[in-house]
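As the structure lists them, so they are numbered: ligands from 1, and atoms in each ligand from 1. In this chain, numbering begins with 1 at the start of the sequence shown.
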Amino acid sequence: MRPLIGITCGLAEGEGRFFLGRDYARAVEKAGGVPVAVLPLPGETTGAVAAALDGLVFSGGGDIDPLLFGEEPLPVTGRVDPQRDHFELELARLALDRRMPVLGICRGMQVLNVAAGGTVCQDLTLKTEKPLKHCQQAPRWYPTHTVQVKKGSLAAAVLGEGKLRVNSFHHQVIGRTAPGFEVTGRAPDGVEEIIEARDKERFILGVQFHPENLIEQNTTFLGLFSLLIRHSFRQESYTFC
Ligand code: MN
(Lines give C-alpha, C1' and ligand atoms only; values in the text may rest on other atoms or scores of the structure.)
Protein backbone atom coordinates (compact mmCIF):
# COMPACT_ATOMS: atom_id res chain seq x y z
CA MET A 1 0.00 0.00 0.00
CA ARG A 2 1.46 3.32 -1.07
CA PRO A 3 0.86 6.07 1.49
CA LEU A 4 -1.57 8.86 0.59
CA ILE A 5 0.28 12.16 0.59
CA GLY A 6 -1.82 15.32 0.59
CA ILE A 7 -0.38 18.37 -1.18
CA THR A 8 -1.95 21.73 -0.37
CA CYS A 9 -3.19 23.84 -3.30
CA GLY A 10 -3.41 27.56 -3.92
CA LEU A 11 -6.30 29.68 -5.13
CA ALA A 12 -5.93 31.71 -8.30
CA GLU A 13 -7.19 35.19 -7.49
CA GLY A 14 -10.37 36.10 -9.33
CA GLU A 15 -10.26 33.02 -11.55
CA GLY A 16 -12.34 30.62 -9.53
CA ARG A 17 -9.64 27.97 -9.80
CA PHE A 18 -7.33 26.04 -7.51
CA PHE A 19 -3.75 25.50 -8.62
CA LEU A 20 -0.86 23.19 -7.83
CA GLY A 21 2.52 22.89 -9.54
CA ARG A 22 2.80 19.58 -11.38
CA ASP A 23 6.30 18.91 -10.02
CA TYR A 24 5.03 18.45 -6.43
CA ALA A 25 2.76 15.59 -7.51
CA ARG A 26 5.47 14.08 -9.71
CA ALA A 27 7.98 14.14 -6.86
CA VAL A 28 5.57 12.42 -4.44
CA GLU A 29 4.70 9.78 -7.03
CA LYS A 30 8.32 9.18 -7.97
CA ALA A 31 9.21 8.75 -4.29
CA GLY A 32 6.56 6.03 -3.87
CA GLY A 33 3.54 7.91 -2.53
CA VAL A 34 0.09 8.59 -3.95
CA PRO A 35 -0.27 12.37 -4.41
CA VAL A 36 -3.64 13.82 -3.42
CA ALA A 37 -4.54 17.48 -3.96
CA VAL A 38 -5.74 19.12 -0.74
CA LEU A 39 -8.10 22.02 -1.43
CA PRO A 40 -8.28 25.03 0.91
CA LEU A 41 -12.03 24.79 1.49
CA PRO A 42 -13.51 26.72 4.39
CA GLY A 43 -15.63 24.82 6.87
CA GLU A 44 -15.48 21.71 8.99
CA THR A 45 -13.61 19.42 6.61
CA THR A 46 -10.05 19.94 7.84
CA GLY A 47 -10.16 17.13 10.44
CA ALA A 48 -11.54 14.67 7.90
CA VAL A 49 -8.81 15.62 5.43
CA ALA A 50 -6.07 15.06 8.01
CA ALA A 51 -7.59 11.74 9.09
CA ALA A 52 -7.70 10.44 5.51
CA LEU A 53 -4.05 11.14 4.76
CA ASP A 54 -0.79 9.47 5.77
CA GLY A 55 1.47 12.44 5.19
CA LEU A 56 1.39 16.03 4.00
CA VAL A 57 3.27 18.44 1.78
CA PHE A 58 2.61 22.12 2.40
CA SER A 59 3.35 23.70 -0.96
CA GLY A 60 4.68 27.10 -1.99
CA GLY A 61 2.61 30.20 -2.62
CA GLY A 62 2.03 33.78 -1.58
CA ASP A 63 2.70 35.62 1.67
CA ILE A 64 1.18 34.73 5.03
CA ASP A 65 -0.99 37.46 6.55
CA PRO A 66 1.30 39.06 9.19
CA LEU A 67 -1.61 39.45 11.66
CA LEU A 68 -1.62 35.64 11.89
CA PHE A 69 1.81 35.73 13.53
CA GLY A 70 1.11 38.83 15.58
CA GLU A 71 2.49 41.62 13.37
CA GLU A 72 0.96 44.50 11.46
CA PRO A 73 1.58 44.30 7.68
CA LEU A 74 4.53 46.32 6.35
CA PRO A 75 4.50 47.77 2.80
CA VAL A 76 6.75 44.90 1.63
CA THR A 77 4.02 42.33 2.22
CA GLY A 78 2.59 40.96 -1.03
CA ARG A 79 -0.73 39.34 -1.87
CA VAL A 80 -2.30 37.36 0.94
CA ASP A 81 -4.99 34.74 0.70
CA PRO A 82 -7.04 34.58 3.93
CA GLN A 83 -8.86 31.39 2.95
CA ARG A 84 -5.66 29.51 2.22
CA ASP A 85 -3.91 30.91 5.32
CA HIS A 86 -6.67 29.84 7.69
CA PHE A 87 -7.10 26.42 6.15
CA GLU A 88 -3.39 25.60 6.05
CA LEU A 89 -2.66 26.84 9.56
CA GLU A 90 -5.51 24.75 10.94
CA LEU A 91 -4.38 21.72 8.94
CA ALA A 92 -0.76 22.22 10.05
CA ARG A 93 -1.75 22.44 13.73
CA LEU A 94 -3.83 19.26 13.37
CA ALA A 95 -0.99 17.47 11.58
CA LEU A 96 1.52 18.48 14.26
CA ASP A 97 -0.89 17.43 17.06
CA ARG A 98 -1.50 14.07 15.39
CA ARG A 99 2.21 13.55 14.74
CA MET A 100 1.69 13.23 11.00
CA PRO A 101 4.83 13.35 8.83
CA VAL A 102 5.02 16.75 7.11
CA LEU A 103 7.23 18.39 4.54
CA GLY A 104 6.91 22.16 4.15
CA ILE A 105 8.20 23.81 0.99
CA CYS A 106 8.85 27.58 0.74
CA ARG A 107 5.58 29.14 1.99
CA GLY A 108 4.86 25.68 3.44
CA MET A 109 7.92 25.93 5.69
CA GLN A 110 6.65 29.31 6.95
CA VAL A 111 3.20 27.78 7.57
CA LEU A 112 4.73 25.00 9.70
CA ASN A 113 6.84 27.50 11.64
CA VAL A 114 3.86 29.79 12.37
CA ALA A 115 1.60 26.82 13.27
CA ALA A 116 4.23 25.68 15.78
CA GLY A 117 4.52 29.14 17.38
CA GLY A 118 7.20 30.86 15.30
CA THR A 119 7.04 34.01 13.18
CA VAL A 120 7.82 35.17 9.66
CA CYS A 121 10.13 38.05 8.80
CA GLN A 122 8.09 40.02 6.27
CA ASP A 123 11.00 40.70 3.94
CA LEU A 124 14.60 39.51 3.88
CA THR A 125 15.89 43.11 3.67
CA LEU A 126 14.62 43.49 7.25
CA LYS A 127 16.54 40.41 8.33
CA THR A 128 19.99 41.17 7.07
CA GLU A 129 21.77 44.27 5.76
CA LYS A 130 23.34 42.49 2.82
CA PRO A 131 20.84 39.91 1.59
CA LEU A 132 21.58 37.60 -1.30
CA LYS A 133 19.21 37.35 -4.25
CA HIS A 134 16.52 35.00 -2.98
CA CYS A 135 14.00 35.75 -5.71
CA GLN A 136 15.89 34.30 -8.63
CA GLN A 137 15.19 35.14 -12.24
CA ALA A 138 16.93 32.01 -13.52
CA PRO A 139 14.82 28.95 -14.50
CA ARG A 140 13.16 27.07 -11.62
CA TRP A 141 15.39 24.00 -12.08
CA TYR A 142 18.59 26.04 -11.74
CA PRO A 143 20.15 26.34 -8.26
CA THR A 144 21.35 29.93 -7.71
CA HIS A 145 22.60 30.16 -4.12
CA THR A 146 24.21 27.85 -1.60
CA VAL A 147 23.04 26.49 1.74
CA GLN A 148 25.24 25.17 4.52
CA VAL A 149 23.62 21.96 5.80
CA LYS A 150 24.25 21.20 9.48
CA LYS A 151 26.24 18.09 10.30
CA GLY A 152 24.24 15.34 12.00
CA SER A 153 20.84 16.78 11.00
CA LEU A 154 17.98 14.95 9.34
CA ALA A 155 18.51 17.17 6.30
CA ALA A 156 22.18 16.18 6.17
CA ALA A 157 21.21 12.49 6.17
CA VAL A 158 19.43 13.08 2.86
CA LEU A 159 21.19 16.03 1.25
CA GLY A 160 24.64 15.55 2.71
CA GLU A 161 26.33 17.93 5.12
CA GLY A 162 28.14 21.08 4.04
CA LYS A 163 27.49 23.19 0.99
CA LEU A 164 24.51 22.53 -1.24
CA ARG A 165 23.25 24.54 -4.22
CA VAL A 166 19.52 25.34 -4.20
CA ASN A 167 16.97 27.41 -6.09
CA SER A 168 15.24 30.37 -4.43
CA PHE A 169 11.83 32.05 -4.92
CA HIS A 170 11.03 33.92 -1.74
CA HIS A 171 11.17 37.31 -0.07
CA GLN A 172 9.63 36.31 3.26
CA VAL A 173 11.97 34.41 5.56
CA ILE A 174 11.79 32.78 8.98
CA GLY A 175 11.55 35.36 11.77
CA ARG A 176 11.58 33.62 15.15
CA THR A 177 12.06 29.88 14.82
CA ALA A 178 9.30 27.88 16.58
CA PRO A 179 10.42 26.39 19.93
CA GLY A 180 10.22 22.78 18.73
CA PHE A 181 12.23 23.43 15.57
CA GLU A 182 15.91 23.73 14.85
CA VAL A 183 17.53 25.54 11.90
CA THR A 184 19.68 22.98 10.05
CA GLY A 185 20.45 24.89 6.88
CA ARG A 186 21.39 28.52 6.23
CA ALA A 187 22.27 30.59 3.19
CA PRO A 188 25.58 32.52 3.40
CA ASP A 189 23.63 35.68 4.41
CA GLY A 190 22.24 33.86 7.44
CA VAL A 191 18.75 33.27 6.04
CA GLU A 192 17.12 30.08 7.35
CA GLU A 193 16.76 27.63 4.48
CA ILE A 194 16.04 24.36 6.34
CA ILE A 195 14.21 23.72 9.63
CA GLU A 196 13.38 20.42 11.30
CA ALA A 197 11.85 19.05 14.51
CA ARG A 198 14.18 18.89 17.50
CA ASP A 199 12.40 15.64 18.39
CA LYS A 200 14.15 13.21 16.04
CA GLU A 201 11.34 10.66 16.44
CA ARG A 202 9.18 12.89 14.28
CA PHE A 203 9.33 13.82 10.64
CA ILE A 204 8.82 17.57 10.36
CA LEU A 205 11.03 19.17 7.76
CA GLY A 206 10.77 22.56 6.12
CA VAL A 207 12.83 23.86 3.22
CA GLN A 208 12.82 27.40 1.86
CA PHE A 209 13.86 26.20 -1.61
CA HIS A 210 11.87 24.13 -4.13
CA PRO A 211 13.28 20.56 -4.25
CA GLU A 212 10.41 19.42 -6.50
CA ASN A 213 11.84 21.54 -9.33
CA LEU A 214 15.41 20.27 -8.87
CA ILE A 215 14.87 16.49 -9.02
CA GLU A 216 15.34 16.14 -12.78
CA GLN A 217 18.78 17.72 -12.56
CA ASN A 218 19.84 16.27 -9.21
CA THR A 219 18.13 13.17 -7.80
CA THR A 220 19.50 13.94 -4.32
CA PHE A 221 16.48 16.21 -3.82
CA LEU A 222 14.07 13.29 -4.36
CA GLY A 223 15.43 12.02 -1.02
CA LEU A 224 13.37 14.61 0.87
CA PHE A 225 10.17 13.15 -0.60
CA SER A 226 11.37 9.55 -0.11
CA LEU A 227 11.97 10.26 3.57
CA LEU A 228 8.49 11.76 3.95
CA ILE A 229 6.98 8.67 2.35
CA ARG A 230 9.06 6.29 4.47
CA HIS A 231 7.66 8.00 7.58
CA SER A 232 4.12 7.94 6.18
CA PHE A 233 3.55 4.18 6.16
CA ARG A 234 0.83 3.54 8.72
CA GLN A 235 1.89 1.27 11.55
CA GLU A 236 -1.55 -0.40 11.65
CA SER A 237 -1.35 -1.37 7.98
CA TYR A 238 1.52 -3.73 8.78
CA THR A 239 -0.75 -5.61 11.20
CA PHE A 240 -3.10 -6.60 8.39
CA CYS A 241 -0.54 -7.31 5.69
MN1 MN B 1 16.77 31.32 -0.63
Side-chain angles (χ1 to χ4, degrees), residues 7-8 10 21 23-24 27 57-64 66 69 71 74 76-80 88 92 102-116 118-151 153-156 158-178 181-196 204-225 227-228:
I7 311 169
T8 61
D23 287 354
Y24 291 106
V57 175
F58 286 86
S59 65
D63 289 358
I64 299 176
F69 49 86
E71 291 182 11
L74 299 173
V76 282
T77 283
R79 188 172 87 84
V80 297
E88 287 191 349
V102 288
L103 175 62
I105 294 174
C106 199
R107 167 194 161 86
M109 164 167 129
Q110 306 294 350
V111 168
L112 292 178
N113 189 50
V114 171
T119 65
V120 174
C121 174
Q122 293 184 45
D123 191 77
L124 59 102
T125 54
L126 305 167
K127 178 103 187 177
T128 166
E129 275 183 12
K130 284 189 177 168
L132 295 174
K133 188 173 177 72
H134 286 273
C135 208
Q136 75 182 50
Q137 288 163 295
R140 294 192 72 85
W141 52 264
Y142 187 71
T144 57
H145 74 67
T146 62
V147 171
Q148 192 71 27
V149 184
K150 191 178 173 187
K151 191 179 171 185
S153 64
L154 186 60
V158 183
L159 303 171
E161 63 183 67
K163 237 179 210 182
L164 175 75
R165 283 182 62 166
V166 300
N167 54 4
S168 197
F169 300 93
H170 60 108
H171 81 103
Q172 286 193 324
V173 291
I174 294 277
R176 194 178 64 242
T177 309
F181 295 168
E182 178 191 5
V183 178
T184 57
R186 283 186 195 273
D189 57 3
V191 161
E192 295 84 347
E193 291 276 342
I194 309 173
I195 57 172
E196 58 191 57
I204 306 170
L205 192 72
V207 292
Q208 189 64 75
F209 48 90
H210 282 272
E212 78 282 5
N213 300 135
L214 297 170
I215 290 165
E216 293 267 310
Q217 316 293 329
N218 183 350
T219 51
T220 301
F221 290 99
L222 185 63
L224 293 171
F225 295 90
L227 201 57
L228 167 71

What verdict does the side chain to side chain contact (heavy atoms under 4.5 Å, CB included) test give for Gln136 and Phe169, after you've listed the backbone C-alpha separation in whole Å, the side-chain angles of each residue and the deciding distance to 0.1 Å? CA-CA 6 Å; Gln136 75 182 50; Phe169 300 93; 3.4 Å; yes
I'd like to know whether CD of Gln217 has more than 12 heavy-atom contacts from other residues, nucleotides or ligands below 6.0 angstrom. yes
Can His134 and Asp189 be counted as having a side-chain donor-acceptor contact under 3.5 angstrom? yes
Residue Lys127 excluded, over 12 heavy atoms near NZ under 6.0 Å: yes
Around the Mn ion (ligand 1), what protein N, O or S atoms are found below 2.8 Å? His134 ND1, His145 NE2, Ser168 OG, His170 NE2, Glu193 OE2
Pairing donors with acceptors under 3.5 angstrom, does anything connect the side chains of Gln110 and Gln172? no
Carboxylate-amine/guanidinium contact Glu192 Arg186, below 4.0 Å: yes
